[in-house]
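Here's the structure we're looking at; comments come further down.
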There are 2 protein chains.
Amino acid sequence: MDAATGDENTSRYSAARYRTPDGAPADIVIFTIASSTRNSAKKSLPLRELQVMLVERKKWPYEGSWALPGGFCNENESIYECAMRELEEETGVGGIHLEYFNVYSEPGRDPRGWMISHAFFALVNETRLTNRRAADDASDVRLFPAAEALELPLAFDHRLILEDALERVREKMLTTTIARQFLPEEFTISELYQVIETVVPEFEEKNFIRKITSTQSRKGILEEARDGSGERKMSNRYSQRFAQLYRFTDFQPKLSIYS
Amino acid sequence: MDAATGDENTSRYSAARYRTPDGAPADIVIFTIASSTRNSAKKSLPLRELQVMLVERKKWPYEGSWALPGGFCNENESIYECAMRELEEETGVGGIHLEYFNVYSEPGRDPRGWMISHAFFALVNETRLTNRRAADDASDVRLFPAAEALELPLAFDHRLILEDALERVREKMLTTTIARQFLPEEFTISELYQVIETVVPEFEEKNFIRKITSTQSRKGILEEARDGSGERKMSNRYSQRFAQLYRFTDFQPKLSIYS
DNA sequence: ATAATAGTGTCTATTAGACACTATGCG
DNA sequence: CGCATAGTGTCTAATAGACACTATTAT
């Protein structure tokens, strides 16, 4: 029941009579995939690495530590709006895939008081981040390789939050089409494969092209990119031979263990 | 960043300087499947119905309305512990599958003030609820058919929470083995099918027995129940002919759209 | 020619999916 | 016998999965 207990003698609830939380922060785990071109003689696929955005704290507590971006919710906004606002304020990134995934409420998790934190994750194409970072040159905001971030002494319970976010993103990567968040509108099968592999290292599908293109049950999620005159669009960005470009459809497959 | 903005002049954060939430409630959506025997001449499968537990509010606000069970979090417990405690206090049910699924924070959702509510769902075998309800005869706690509950003028935004919970449970029913929460340890394929159907009305698998028993990719989740001497256990609870009993294994299949 | 990626041919065992059929046991 | 559930036979088309093979093209 959405009511406090123990106020038998009055008809009206008053928050003043109870110990209430000292704040409702949102923390945001921003993932991106950084690409770096291999210096090989021939054209080749870039090296890709999963990275996460951290900010350096300027104040007590955890002054000087790296932390997830985030901030406190105001009374006139929802937690989701709070997360969007803070993301925009701290990274300049807006209008992106932002997903709520967990609450963190262990007593003592924040030395400032009783703070129940709400965690979101976001997947951002690296171009949107690099542009922004170049713009305001914020030296206290940095991208870290995910593996490296997990080794840092992060502020609060942000290491736990990051671990949970990673687990969730890996699951989502395989069960939904969020891979599109890391990819351009049109992409090659190799790029898609690489993105999945970058987020989920144990992912392996031999004959991936076969499955993705010719399997009845899966092919609904992708379609061949075509130009105005209906010709199939190709790219030789990463290879000598031209490769078919694909795009995600709006179809979201429903998975079931009872198939 | 997990810190409030605008306190440049002090090194220490103080919650007293900010507007803070007036409470952090947890709301719990308790689902059960009620079985009722059909009065037919022969043995037959029971009728099953998805039900949800509601409590009648005794106080302002929404006095007299039906609401989800729940209550306020204390400073010395996590939201999860709060939900477990409230569930135990209000229904006597403990040690069950309880899962966090969303936060509700729209400004104005609670007339008592700024309340950010945390929603859990629980799946409970009906025997655990009927026993309990018989015990304390709480007339202000009732099970409603899910469809009926959605038509009631529920307190707060509990209708929205219930809708979201239903959606989540339906998804989970098809992608995880939570069906086990509604079933006895050992069950027949028909029972399993019926449970899935009850929660997800559009579920339909012809040849369900075939798939569940002989499909390589799916058969890992179930195993035949056997007695001490290795004989296969059968049941004629619902039919003249004996049916094989099954049990869930500990295997949780990993689903993927890229299969 | 070679590197690096893109894509095809071909084979076998397994699966999906349909639908009709048999099995059980009791009132 | 007929009811209600349990389960099998049999067929076809589709699929998975492996592996070797060919294709493309700038350097």
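Within every chain, numbering begins at 1; the chains are lettered A, B, ... in the order of the sequence lines, protein sequences first and strands thereafter. Hydrogens, waters and symmetry mates are skipped; everything else that's a heavy atom, side chains included, is used.
Among the nucleotides C:dT5, D:dT5, D:dA18, the one closest to any side-chain atom of A:Lys206 is D:dA18. Comparing D:dG7, C:dA4, C:dG7 by their nearest atom to the side chain of A:Ser44 picks out C:dA4. With C:dG7, D:dG7, D:dA18 as the candidates, the nucleotide lying closest to the side chain of A:Ala243 is C:dG7.
In this structure, A:Phe101 and A:Phe121 have tilted ring planes: the angle between them lies in the 30° to 60° band.
Applying the 6.0 Å contact sphere to CG of A:Asp250 captures no more than 12 heavy atoms from other residues, nucleotides or ligands. Within a 6.0 Å sphere centred on NZ of A:Lys211, other residues, nucleotides and ligands contribute more than 12 heavy atoms.
For A:Thr249 (side chain) and A:Gly220 (main-chain N/O), a donor-acceptor pair under 3.5 Å exists by modelled atom type.
Put simply, B:Lys211 has a side-chain N or O that comes within less than 4.0 Å of OP1 or OP2 on C:dG17.
Remark on DNA chain C: of its neighbouring residues A:Asn207 and A:Tyr238, the 5'-side contact belongs to A:Tyr238, judged by nearest-heavy-atom nucleotide.
The distance from atom CG of B:Asn236 to atom P of C:dG27 is 11 Å, rounded to the nearest whole Å. Protein atom CD1 of B:Ile209 is 13 Å distant from nucleotide atom P of D:dG9, rounded to whole Å. Atoms CD (B:Gln240) and P (D:dC1) sit 16 Å apart, rounded to a whole Å. Remark: P of D:dT5 and CG of B:Leu47 are 10 Å apart, rounded to the nearest angstrom. As rounded to whole Å, 11 Å separates atom C1' of D:dT25 from atom CZ of A:Arg241. Rounding to whole angstrom units, CD of residue B:Gln244 and P of D:dT8 are separated by 10 Å. Atom CZ of A:Arg48 and atom P of C:dT5 are 11 Å apart (whole Å). Distance A:Arg210 CZ to D:dC19 P: 14 Å, rounded to the nearest Å.
A:Leu45 comes within contact range of the sugar-phosphate backbone alone, with a heavy-atom separation under 4.0 Å but no base atom that close.
Applying ring pair (Phe, Tyr, Trp, His ring centres under 6.0 Å) to A:Phe187 and the options A:Phe248, A:Tyr238, A:Tyr246 leaves one that passes, A:Phe248.
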